[in-house]
*Asks:* 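Below is a structure I'd like to ask you about.
Numbers restart at 1 for each chain; the letters A, B, ... are given by sequence-line order, proteins then strands.
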2 protein chains.
Amino acid sequence: MAAERRRATIYDVAQAAGVSKSLVSLVLRDSPSVSAPRRAAVLAAIKELDYRPSQAATALAGGTSQTVGVVIDDYTNTWFVELLRGLQEGLASAGLRIAVSDRSLNTHIESDPLDGFLSTRVEALVLATEPTEAMRFSSQIPVIIAGNRATEVPGADITSSDDRLGARRAIEHLISLGHTQIGHIAGGGGASMQRIAGYQDAMKAAGLTERIVTVSELTTEDIGYQCTRQLLGEAPETTAILAGNDSMAMGALGAAQEAGLLVPKDLSIIGYDNSPLSDTHLLQLTTVDSRNHALGLHAAEQVLSRLADPERTAQRVLLEPLLIERSTCAPVCNA
Amino acid sequence: MAAERRRATIYDVAQAAGVSKSLVSLVLRDSPSVSAPRRAAVLAAIKELDYRPSQAATALAGGTSQTVGVVIDDYTNTWFVELLRGLQEGLASAGLRIAVSDRSLNTHIESDPLDGFLSTRVEALVLATEPTEAMRFSSQIPVIIAGNRATEVPGADITSSDDRLGARRAIEHLISLGHTQIGHIAGGGGASMQRIAGYQDAMKAAGLTERIVTVSELTTEDIGYQCTRQLLGEAPETTAILAGNDSMAMGALGAAQEAGLLVPKDLSIIGYDNSPLSDTHLLQLTTVDSRNHALGLHAAEQVLSRLADPERTAQRVLLEPLLIERSTCAPVCNA
DNA sequence: CTGAAAGCGCTTACAG
DNA sequence: CTGAAAGCGCTTACAG
């Protein structure tokens with residue numbers, strides 16, 4: 001019944017255009033050594049037949065997949081979205097495409113998202129997650145780390161935002177508003193460690209007492225809520241909180257609401273990441289922008305330059321974060 | 001300097017294991033017709049050489065990519081995450097992998113995420129987005145629609161949640177709480193249309209006056225905020241709102257806060273999707289669960305059954321949604 | 001159970 | 001500018 005027409009191949013195109021298949025290949029690769037009329041004929045045949053080169057064949061014959069793999073933590077935590085945009089913008093001009101893999105999704109199936117990427121023969125790996133052991137030593141392929149990570153990957157390039165500076169700036173902002181009882185709720189991982197250090201820098205410099213609460217490696221809303229409850233229980237005199245990220249800050253807002261504290265009148269809160277969440281009408285969360293789009297752009301540059309020169313020494317790019325003042329901070333209330 | 005060792009091929013494995021390459025291929029494909037000792041030898045060689053079959057070669061020679069493409073709207077809107085989980089669980093057993101493409105990301109680069117998938121020769125396409133013209137007529141390949149869509153795709157299977165029923169249930173819940181002034185803020189697309197219809201069903205059945213506000217096709221937090229401002233401006237007597245989704249509901253919460261209305265005392269709000277957002281301590285949003293994980297599981301089944309029998313007629317699976325009562329609804333206050 | 005052969009759909013030199 | 005040839009790394013019949 002249904003005439004299962006197989007997909008057109010380069011042979012079909014060549015025949016329809018009345019040229020050899022090599023010529024079709026040249027047109028596909030935008031070679032300048034093709035006469036205009038022939039090129040037009042080939043293009044017409046391609047359109048006519050709805051021809052699309054087989055990626056598998058192209059990759060196998062060309063010896064290059066033209067794709068870079070990016071590993072993220074978890075689709076639910078959307079901080080990576082702007083990173084991806086930047087990456088793609090930076091890579092598209094070089095004809096490289098992106099394949100993204102979510103670590104939490106793969107947990108149940110494959111042991112490591114890396115396996116898939118290695119089979120695909122990706123040109124490079126961008127890690128927007130804490131590297132696994134396997135990722136640390138898959139030295140066959142260029143690795144670019146996006147963001148601050150706790151574990152090092154030998155030989156990898158790094159593009160990150162200066163989380164330590166960002167946290168320091170956030171605390172300095174709170175101090176300038178008169179706060180002295182400032183707590184920090186934190187999760188785990190490299191970024192968290194840097195943010196903790198920045199918090200400590202600023203508190204020490206001002207001679208203030210540090211109070212850091214961590215109940216989990218995670219940085220979810222619920223963890224932020226739990227940390228805040230614990231913090232407010234142990235130190236009710238707290239007037240300001242720096243959260244490890246925006247999700248945790250949202251948890252802090254929940255805990256404050258539950259405790260009957262008004263934000264920012266009774267309690268100032270600063271998040272981190274400048275996620276879409278932070279810019280909602282309901283939250284208007286003061287936060288630190290880690291400039292993820294720029295992060296992606298720089299990571300793309302590192303991919304390209306390493307592909308161009310595999311021997312070059314590892315680079316490290318550090319972006320300056322920006323404090324975004326919205327509505328969750330106020331001068332301390334001397335009641 | 002650095003001895004750029006090329007990746008091991010099936011030949012290297014065969015040689016290391018002292019067998020022919022066909023035998024290696026058989027082991028890779030888990031053929032039962034391989035003796036235990038030889039299989040062990042091959043497995044050892046694979047491990048030793050860190051061999052990973054080239055996906056490109058496998059796909060080209062086998063004539064099958066073993067991957068299904070799924071198109072989503074936008075990584076920022078995380079409703080698709082559970083869908084993906086369900087899909088992957090359902091597909092993994094059949095050895096199929098998933099490739100996901102975000103429409104908004106591709107907007108700037110390729111004309112259509114479909115192009116990439118067609119080049120990859122995906123086995124099937126799962127659309128978790130409003131189909132583009134190109135997607136509607138790429139009849140070469142099985143298409144499964146996930147969720148309610150405004151545009152039809154000829155011959156496609158459909159797995160969706162009964163959005164019309166869900167919205168009706170939500171309104172009936174509000175009516176049972178004594179509300180009569182119930183507004184609906186809506187966006188665009190197939191799901192929105194169904195939810196609007198469900199709202200109308202319930203309002204008509206109760207003899208209540210409908211009030212639907214739409215300011216955009218989008219369903220973002222900001223749009224929810226704008227719709228709510230408009231609704232409260234036009235009809236200040238409103239005591240309850242059904243939002244098109246959870247993001248819009250969050251916008252509604254923001255608008256309510258700004259207007260000095262207390263939720264749920266002055267205003268009851270119901271969202272839709274049961275997204276992670278809705279379950280935060282701060283929001284505790286009453287919402288409708290569209291059961292996205294089950295959606296993914298059913299869509300996976302449709303993929304598999306269609307792959308097994310390309311000739312079978314199109315299926316339609318409709319899942320029953322669940323009202324999730326949390327803290328944003330209260331009996332109407334007869335002040 | 002095993003090995004030699006052909007072929008998947010392309011690209012890449014290499015002669016003309 | 002163009003065409004015949006070899007090869008990318010696998011899988012799939014097909015003889016033994």
*Asks:* Does any N or O in the side chain of Arg136(B) come within less than 3.5 Å of the main-chain N or O of Glu152(B), such that one atom is a donor and the other an acceptor?
*Replies:* yes

*Asks:* Looking only at side chains, do Thr67(B) and Glu123(B) share a donor and an acceptor under 3.5 Å apart?
*Replies:* no

*Asks:* Each nucleotide in nucleotides 4-11 of chain C should get exactly one letter: B, S or -. Can you fill that in based on protein heavy atoms under 4.0 Å?
*Replies:* B--BBBBS

*Asks:* Find the runs of at least 3 consecutive base pairs, i with j, i+1 with j-1 and so on, that include DNA chain D, using Watson-Crick or G-U wobble geometry with both distances under 3.5 Å.
*Replies:* C:1-3 with D:14-16, C:5-12 with D:5-12, C:14-16 with D:1-3

*Asks:* Between Arg306(B) (side chain) and Arg312(B) (backbone), is there a donor-acceptor pair under 3.5 Å?
*Replies:* yes

*Asks:* Indicate yes or no: does Arg103(A) engage Asp74(A) in a salt bridge with an N to O separation below 4.0 Å.
*Replies:* no

*Asks:* Report the distance from atom CZ of Arg38(A) to atom P of dC1(D), rounded to the nearest whole Å.
*Replies:* 10 Å

*Asks:* Charged N to carboxylate O under 4.0 angstrom, Asp115(A) versus Arg52(B)?
*Replies:* yes

*Asks:* Of the options Leu28(A), Ile10(A), Val13(A), Val42(A), which is the one that meets Leu23(A) in a side-chain contact (heavy atoms from CB on, under 4.5 Å)?
*Replies:* Val42(A)

*Asks:* Under 3.5 Å, side chain of Ser101(A) to main-chain N/O of Pro113(A), donor-acceptor pair present?
*Replies:* no

*Asks:* Determine yes or no for a side-chain-to-main-chain donor-acceptor pair under 3.5 angstrom, with Thr120(B) supplying the side chain and Val122(B) the backbone.
*Replies:* no

